[in-house]
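What follows is a single structure, written as structure tokens, with notes after it.
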Amino acid sequence: MTSHPLPPVPAAPSGPAAARPAPAAATGSAAGSPAAADLHDLVIDWFDEHARDLPWRRPDAGAWSVMVSEFMLQQTPVSRVLPVHKEWLERWPRPADLAAEPPGEAVRAWGRLGYPRRALRLHAAATAIAHRHDGEVPRDHAELLALPGIGEYTAAAVASFAYGQRHIVLDTNVRRVFARVVSGVQYPPNATTAAERRIAAALLPTEEARAARWAAATMELGALVCGARSPECGVCPVAAHCTWRLSGSPAHDGPPRRGQTYAGTDRQVRGRLLAVLRAAPGPVPRSALDAVWSDAAQRSRALFGLVQDGLVEPLPGERFQLPSR
DNA sequence: CAATCGTGGTG
DNA sequence: TCACCAAGATT
């Protein structure tokens with residue numbers, strides 16, 4: 001198999017003066033170049049054979065299933081999402097079903113997926129869909145983006161995966177794949193950059209259905225083969241095209257990537273407080289919450305934060321519960 | 001732009 | 001063991 005050079009990626013504008021309309025003639029556009037088409041085939045063919053059979057990818061999965069999965073998958077691994085996603089779709093088959101229940105039920109059913117504000121936002125998004133979108137998950141990227149808890153990535157993912165549209169889908173997996181294959185570095189930057197968007201745009205297949213397939217395929221490649229810790233280049237369909245690999249897989253240089261500490265933080269306290277409230281069928285006395293953390297100052301700060309975030313509802317008589325509305 | 005926001009698996 | 005990582009969004 002012949003190894004083609006990578007498609008050229010448009011250079012970054014060198015300054016404000018360089019801001020200009022996109023070239024009228026997209027001659028030599030990377031997406032249409034032979035090398036790009038080659039990459040598309042390799043990755044999509046690989047995907048056809050190795051894609052995981054996930055519930056939200058099945059033919060009968062609707063946009064709501066996709067949307068719920070995207071919320072749950074924000075910073076949470078597939079293996080832990082699977083059982084909760086199943087419960088949610090059985091209990092709330094449509095957005096209106098979720099919207100009909102108090103937000104606290106969403107927080108409770110969220111279980112231990114982490115970042116429970118996502119549950120609150122998903123409930124709020126479902127409510128907005130029920131009221132303003134006739135109960136249907138919107139197809140329009142801008143309308144999706146306007147929903148609570150949906151950012152650039154999730155809007156593109158829902159539009160692409162649920163509705164087959166052509167969008168730049170830049171998640172951590174895709175960014176890592178492009179960092180290696182195209183940019184020749186081990187890891188992408190901490191925050192998504194304009195350069196990354198240019199690369200993604202340049203490589204996005206022109207045809208809509210193929211673009212959607214490409215988005216899912218590049219994500220899956222990043223998840224299954226081009227992992228952060230252990231890239232398995234031996235089975236990678238584009239190893240022969242990978243700039244990083246071809247240059248000897250150089251280790252990441254520069255400042256260490258941000259690490260997240262957890263032990264002893266407010267987040268840990270919030271987690272413990274909320275765990276008590278999730279487990280209780282109804283209101284809980286303050287004494288039950290006091291038991292989870294010894295430092296009173298930090299404890300009250302965490303509880304206050306939860307109330308402020310709408311995750312906890314204070315009641316008369318020093319009692320607390322999950323939000324009833 | 002950097003900090004914040006949970007939780008559990010893993011190399 | 002423990003730092004790192006996992007389909008980000010919001011402020």
Side-chain angles (χ1 to χ4, degrees), chain A residues 47 51-52 54-57 61 65-85 107 110-122 124-125 144-162 167-177 186-194 196 200 212 215-224 226-232 252 255-278 292 301-302 304-306 308-312:
Chain A
F47 186 59
R52 289 168 292 181
L54 302 171
W56 47 87
R57 278 184 186 160
S65 175
V66 173
M67 181 172 150
V68 170
S69 80
E70 289 303 334
F71 269 78
M72 292 183 172
L73 288 164
Q74 291 169 3
Q75 303 287 280
T76 302
V78 168
S79 61
R80 282 170 47 206
V81 164
L82 283 170
V84 184
H85 178 272
V107 174
W110 195 253
R112 306 187 66 79
L113 287 183
Y115 293 151
R117 291 193 292 198
R118 292 180 293 166
L120 224 45
R121 289 171 181 154
L122 181 47
L144 286 166
L145 194 55
L147 294 172
I150 295 192
E152 190 65 37
Y153 160 75
T154 303
V158 172
S160 182
F161 302 153
H167 290 285
I168 293 175
V169 179
L170 259 190
D171 81 320
T172 184
N173 290 303
V174 178
R175 294 180 61 220
R176 190 173 54 248
V177 168
Q186 187 176 19
Y187 299 117
N190 281 332
T192 304
T193 63
E196 289 181 275
T218 47
M219 278 183 65
E220 191 77 336
L221 185 64
L224 298 185
C226 197
R229 319 279 287 270
S230 53
E232 299 176 54
H252 173 79
R257 314 163 65 219
R258 75 177 200 289
Q260 24 178 300
T261 52
Y262 179 66
T265 61
D266 285 4
R267 278 155 80 181
Q268 184 177 20
V269 185
R270 286 166 59 109
R272 290 196 185 182
L273 291 171
L274 214 51
V276 171
L277 291 164
R278 279 196 310 261
V292 307
R301 184 173 68 234
F304 179 80
L306 286 171
Q308 202 164 257
D309 289 348
L311 283 163
V312 172

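Below, chain A is the first sequence line, B the second, and so on; all start at residue 1. Note that the coordinates shown come from a computational prediction; the quantities given were computed from them, not determined experimentally.
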- Note on the structure: From CG of A/Leu311 across to P of C/dT10 the rounded distance in Å is 14 Å
- Query: Considering heavy-atom distances to DNA chain B, does A/Ala275 or A/Ala191 have its closest nucleotide positioned more toward the 5' end?
  - Reply: A/Ala191
- Separation between the P atoms of C/dT11 and B/dG6, rounded to whole Å: 14 Å
- 5' precedence on DNA chain C between A/Leu147 and A/Gly222 (nearest-nucleotide basis): A/Gly222
- Given atom CZ of A/Phe47 and atom C1' of C/dA7, what is their separation to the nearest angstrom? 12 Å
- Query: Under 4.0 angstrom, heavy atoms only, what part of the nucleic acid is A/Gly151 near: base, sugar-phosphate, or nothing?
  - Reply: sugar-phosphate
- Item | Nearest-0.5 Å distance, OG1 of residue A/Thr218 to CG of residue A/Asp171 | 7.5 Å
- Message: Taking B/dC1 as the reference, what is the distance to C/dA6 when you measure between their P atoms (whole Å, please)?
- Response: 22 Å
- Please tell me which of the listed nucleotides, C/dA7, B/dG9, B/dT7, lies nearest to the side chain of A/Arg229? B/dG9
- Task: Return the value, rounded to whole Å, for the distance between atom CZ of A/Arg80 and atom P of C/dA6.
- Result: 13 Å
- Using the P atom as the reference point in each nucleotide, state the distance between B/dG8 and C/dA9 in Å, no decimals. 23 Å
- Note on the structure: Hits for side chain to side chain contact (heavy atoms under 4.5 Å, CB included) against A/Gln268, two or more places apart or cross-chain, chain-then-number order -> A/Tyr262, A/Ala263, A/Thr265, A/Arg272, A/Trp293
- Query: Roughly how many Å is it from CG in A/Leu73 to C1' in B/dT7, rounded to a whole number?
  - Reply: 14 Å
- With heavy atoms under 4.0 Å as the rule, sort A/Thr154 into base, sugar-phosphate or nothing. sugar-phosphate
Side-chain donor-acceptor pairs of residues 110-120 of chain A under 3.5 Å, sequence neighbours excluded:
residue, atom, partner, partner atom, Å
A/Trp110, NE1, A/Gly114, O, 2.8
A/Tyr115, OH, A/Arg267, NH2, 3.0
A/Arg118, NE, A/Gly114, O, 3.4
A/Arg118, NE, A/Tyr115, O, 3.3
A/Arg118, NH1, A/Phe71, O, 3.1
A/Arg118, NH1, A/Met72, O, 2.9
A/Arg118, NH1, A/Gln74, O, 2.6
A/Arg118, NH1, A/Thr76, OG1, 3.3
A/Arg118, NH2, A/Thr76, OG1, 2.9
A/Arg118, NH2, A/Leu113, O, 3.1
A/Arg118, NH2, A/Gly114, O, 2.6

- Quick one: do A/Glu196 and A/Val174 satisfy side-chain contact (heavy atoms from CB on, under 4.5 Å)? Show the steps, please. CA-CA 10 Å; A/Glu196 289 181 275; A/Val174 178; over 6 Å; no
- Query: Which value, in whole Å, describes the distance between the P atoms of nucleotides B/dG11 and C/dA7?
  - Reply: 14 Å
- Task: Determine the contact category for A/Ala228: base if any of its heavy atoms lies under 4.0 Å from a base atom, sugar-phosphate if only primed atoms, P, OP1 or OP2 are that close, otherwise nothing.
- Result: sugar-phosphate
- Item | A/Thr76 side chain, from C-beta outward: closest of C/dA7, B/dG6, C/dC4 | B/dG6
- Message: Without decimals, in angstroms, what is the distance between A/Arg112 CZ and C/dA6 P?
- Response: 21 Å
- Message: Below 4.0 angstrom, which residues in residues 264-272 of chain A have at least one non-hydrogen atom near DNA chain B?
- Response: A/Arg267, A/Arg270, A/Gly271
- Which part of the nucleic acid does A/Phe71 contact within heavy-atom distance under 4.0 Å: base, sugar-phosphate only, or nothing? nothing
- Take atom P in B/dA3 and the same atom in C/dC4, then report the distance between them in whole Å. 15 Å
